[in-house]
Amino acid sequence: MSNNRLTRRALIAGAGAGGLGAALAAPVLAQKLIDLGLPGGPSLRPLEPAFPGKSEMIVQRIRPPLLETPMAAFREGVITPNDRFFVRWNWSMPTEINAAAHRVAIGGAVKTPVSLTLDDIASAGETVEVVAINQCAGNGRGLSEPRVTGTQWGNGAMGCARWTGVRLRDVLAKAGVAPGAARVRFSGLDVPMTDGAPQFVKSIPMDIALRDDVLVAWGMNGEPLPLLHGYPLRIVVPGWFSTYWVKMLATIEVLTGEDDSYYVAKSYRMPEAPITPEDKDFPTVPITAMPPRAFITSHADGAVVAKGKPLTLEGIAMGGDAALTKVDLVGNGLAMTCTLGPDEGPYAFRRWSVTIPQVTGDLANIGVRAANAKGAVQPEALNWNPSGYARNVIERITLRAQ
Ligand SMILES: Nc1nc2c(c(=O)[nH]1)N[C@H]1C(S)=C(S)[C@@H](COP(=O)(O)O)O[C@H]1N2
Ligand SMILES: [Mo]
């Protein structure tokens, strides 16, 4: 990529000046519907190209936008195009950004508080690229049984992009981290829509913040970040759920103690140990690193395949917070190791394929099971929790032989 450098011109162009506010406020829905196969509730959603910079997306909510990627978009390659990438905002987002006036304030436990322009950030260090999966912690929660509260996502609240930016640690060095620093907290330009509601702020531990591949990013698949994805700057934490990937970055605050803010201390938490839906009081921990997952993209549940013929299945898989090591086809008496496609790095999707020599009958409840370099393997049973976080049960489909 030639235009890795952040330039003010590129950023202003990236905002797609004008029209976005109106388009986001009142998209015209044509009501073409898609069935997400959600067991616990209404399963149909509009499938729409009505959002700025987006082609067909599953509309979960209009304002603030919650757009899901149709599984069909994962059939090609490992990079999710920007116009098919899922969108999630907790609160309403600004629809115009003045890039020239934008500043990122760094404060808290630092030697010198600073207020940085986009050019300051761009020149803070070496330009770095990382291919990484951005996955909502609630991805697939709509498939939970029993049903859980929250956006009823199918499995399309994920995507993989090539992110360009500078290391967060180089940006932090502009202010100088003071002794005793424990966490780094981020906020964006979006603010709550109701009085007294908490702002969406998130923090990560210092050792994660200083990692080589944790970025303040401005580029997504070779383009300036689209407004919906956090223009002009967002945090990228490869291997961690995207709740930490704060968009429209406005402040960076170094903390010396624990973070008691709402979205860290109260929300985005998982039971510390497995629970049942009847359990009420249990200790929780923040959701952080992603576990491995794999998906069949070549065939949908219920698809018809040719009896007596070989059958090739294909899909995508991810290692989560460590490299993918293995994908196995399982179920219906099958136990085959899949062939993995090109490796785009430990945090990217990787394609897999496998050929069953001959289909002899229906293939009931087959699935693919991913494992990663830390020894994590997808489980047989759903790790049920009240918010449906970190789903990584083996996903099953049934194919009919004819
Ligand atoms: N400023 C800001 N950043 C945010 C959020 C938000 O509401 N505001 N939501 C987070 C959550 S929960 C998710 S899943 C991702 C979604 O990123 P995307 O819209 O680029 O796919 O953004 C994260 N960063
Ligand atoms: Mo999310």
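We count residues from 1, following the sequence as given. Read the numbers this way: they start at 1 and go in the same order the structure lists the ligands and their atoms.
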Relative to each other, are the rings of Tyr268 and Tyr263 parallel, tilted or perpendicular (30° and 60° limits)?
-> tilted
Per-atom filter on ligand 1: closer than 4.0 angstrom to a heavy atom of Trp89 are 1 (N), 2 (C), 7 (O), 8 (N)
shortest atom 12 (S) of ligand 1-to-protein heavy-atom contact is with Tyr268 OH, 3.2 Å
Considering only heavy atoms of Val87, which atoms of ligand 1 have at least one such atom less than 4.0 Å away?
-> 19 (O)
Under a 4.5 Å cut-off applied to non-hydrogen side-chain atoms, are Lys202 and Ile235 in contact?
-> no
When you look for heavy atoms under 4.0 Å from ligand 1, do you find them on the side chain of Asp190, its backbone, both, or neither?
-> side chain
Judged by non-hydrogen atoms, does Tyr244 sit under 4.0 Å from ligand 1?
-> no
Measure Arg234 to ligand 1 on non-hydrogen atoms and call it side chain, backbone, both or neither using the 4.0 Å cut-off.
-> side chain
Part of Phe200 with heavy atoms under 4.0 Å of ligand 1, whether side chain, backbone, both or neither | side chain
Counting only heavy atoms, which portion of Trp153 has something under 4.0 Å from ligand 1: side chain, backbone, both, or neither?
-> neither
Examine the proximity of ligand 1 to Trp245 and report which part, side chain or backbone, both or neither, has a heavy atom under 4.0 Å away.
-> backbone
Flag the pair Glu344 and Arg162 as a salt bridge only when some basic side-chain nitrogen lies within less than 4.0 angstrom of an acidic carboxylate oxygen.
-> yes
Could you list the atoms of ligand 1 found under 4.0 angstrom from a heavy atom of Asn134?
-> 17 (O), 18 (P), 20 (O), 21 (O)
Is Arg396 close to Ile366 at the side-chain level, that is, under 4.5 Å between some pair of heavy atoms?
-> no
Enumerate the atoms of ligand 1 whose separation from the nearest heavy atom of Cys136 is less than 4.0 angstrom.
-> 14 (S)
Quick one: does Lys247 get an N or O within less than 3.5 Å of an N or O on ligand 1?
-> yes
Looking only at heavy atoms, is any part of Leu189 under 4.0 Å from ligand 1, and if so is it the side chain, the backbone, or both, or is it neither?
-> neither
The option among Met220, His229, Arg88, Gln135 carrying the non-hydrogen atom nearest to atom 16 (C) of ligand 1 is Arg88
Would one find an N or O of Phe86, backbone or side chain, under 3.5 Å from an N or O of ligand 1?
-> yes
Considering residues, nucleotides and ligands other than Glu76, do more than 12 of their heavy atoms fall under 6.0 Å from its CD?
-> no
Under a 4.5 Å cut-off applied to non-hydrogen side-chain atoms, are Val368 and Phe295 in contact?
-> no
